[in-house]
Amino acid sequence: DAKTTQPNSMESNEEEPVHLPCNHSTISGTDYIHWYRQLPSQGPEYVIHGLTSNVNNRMASLAIAEDRKSSTLILHRATLRDAAVYYCILRGLGGANSKLTFGKGITLSVRP
Amino acid sequence: NAGVTQTPKFQVLKTGQSMTLQCAQDMNHEYMSWYRQDPGMGLRLIHYSVGAGITDQGEVPNGYNVSRSTTEDFPLRLLSAAPSQTSVYFCASTGQGPNYGYTFGSGTRLTVV
């Protein structure tokens, strides 16, 4: 499985933008970049995914480097509810490659 | 639209007992997975299925069995519970192909005494 590397933790101030980085230097051409988050005492929640182009949805934006070896999840205005563990995961094409393998993720703390 | 439904939410077992954790999804998803999460740890894949009748092992399959007789259901069986299986169990499902996000259930908190 292609692996991702994320910092262990980050801190942010409420109502400020947050940029969560992820490195995936061994990504293959058919791997999608997925982001999930896990709020305290809850199951993981899908946030966003992309292949090559930057993506936006109501929760966040995903910026993907031109060489696809890194990506950044952007929360435009952090709230206290955004404090969670964020996982960057590569999802491949078909069969066993399509399963999600979770790493340790980034623990995001948001200061009031 | 219920999404992914897991039952029970909480369970206490005695060592050696067996039980089945239920998982059902109503989104017609091909892929389903079971994960366990120990306190302060990340999620580890137990078993997964790419469609009805097809299952495979993940990282930590020992002590667990699965079957997938229908698209909707993916039960996880603990054959003989051990204290090391005390954990929170999450079921997840997704459509075919990597251009779909996974939907997770709310989890089953299992304690084995």
Side-chain angles (χ1 to χ4, degrees), chain A residues 1-6 8-9 24 27-53 55 57-60 62 64 68 71 73 84-107, chain B residues 2-7 9-10 21 23 25 27 29-51 53-61 66 68 74 87-109:
Chain A
D1 294 341
K3 295 194 181 304
T4 64
T5 306
Q6 301 177 258
N8 287 334
S9 62
H24 28 80
I27 190 170
S28 75
T30 54
D31 285 341
Y32 279 71
I33 302 158
H34 282 237
W35 282 83
Y36 292 79
R37 73 178 185 180
Q38 189 173 22
L39 302 173
S41 301
Q42 295 191 25
E45 174 186 29
Y46 165 80
V47 177
I48 199 167
H49 75 280
L51 182 62
T52 56
S53 303
V55 185
N57 66 21
R58 63 174 180 82
M59 291 180 68
L62 176 60
I64 302 172
R68 301 209 326 126
S71 61
L73 180 71
V85 180
Y86 287 79
Y87 299 96
C88 169
I89 305 171
L90 302 182
R91 186 179 178 201
L93 187 65
N97 293 326
S98 202
K99 62 184 186 290
L100 292 182
T101 300
F102 284 79
K104 295 184 178 178
I106 302 175
T107 299
Chain B
V4 177
T5 303
Q6 290 186 239
T7 55
K9 293 192 183 304
F10 301 93
L21 278 61
C23 176
Q25 53 90 9
M27 298 170 283
H29 283 169
E30 292 291 325
Y31 289 82
M32 296 187 74
S33 307
W34 275 103
Y35 293 86
R36 61 176 287 175
Q37 187 172 34
D38 300 331
M41 306 287 286
L43 283 82
R44 291 183 293 170
L45 182 64
I46 305 171
H47 286 284
Y48 65 99
S49 169
V50 299
I54 306 169
T55 64
D56 206 347
Q57 297 180 351
E59 303 172 64
V60 288
V66 291
R68 184 96 181 271
F74 191 42
S87 191
V88 181
Y89 291 83
F90 292 103
C91 179
S93 73
T94 187
Q96 191 171 25
N99 195 24
Y100 292 87
Y102 271 77
T103 301
F104 284 80
S106 57
T108 294
R109 187 173 297 274

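Here is how names work: the chains are called A, B, and so on, in the same order as the sequence lines, proteins then strands, and each is numbered from 1.
The existence of a salt bridge linking A:D31 and A:R68 is excluded, since no basic side-chain nitrogen approaches an acidic carboxylate oxygen closer than 4.0 Å.
Residue contact with chain A, scored on non-hydrogen atoms closer than 4.5 Å, involves the side chain of B:Q37 exclusively. The part of B:T94 that comes within reach of chain A is its side chain, from C-beta onward, which places non-hydrogen atoms under 4.5 angstrom from that chain. For B:L43, the parts lying under 4.5 angstrom from a heavy atom of chain A are both the backbone and the side chain. Contact annotation for A:T30: only backbone heavy atoms (N, CA, C, O) come within less than 4.5 Å of a heavy atom of chain B.
For the set A:G103, A:G92, A:G50, the entry with the most heavy-atom pairs within less than 4.5 Å of chain B is A:G92. Among A:H34, A:E45, A:K104, the residue making the largest number of heavy-atom pairs under 4.5 Å with chain B is A:H34. Counting heavy-atom pairs under 4.5 Å between each of B:A92, B:G101, B:G42, B:S33 and chain A puts B:G101 at the top.
A cation-pi geometry, defined here as NZ or CZ lying under 6.0 Å from the six-membered ring centre and within 45° of its normal, does not hold between B:R109 and B:F90.
Ring-plane geometry between B:F104 and B:Y35 is classed as tilted, the angle between the planes lying from 30 to 60 degrees on a 0 to 90 degree scale.
A:Q6 and A:C88 make their closest contact through OE1-N, 3.0 Å (heavy atoms, listed as atom of the first residue, atom of the second, distance). Considering every non-hydrogen atom in both B:M32 and B:C91, the closest pair reads CE-SG, 4.0 Å.
Not less than 6.0 angstrom separates the ring centroid of A:Y87 from the ring centroid of A:Y36.
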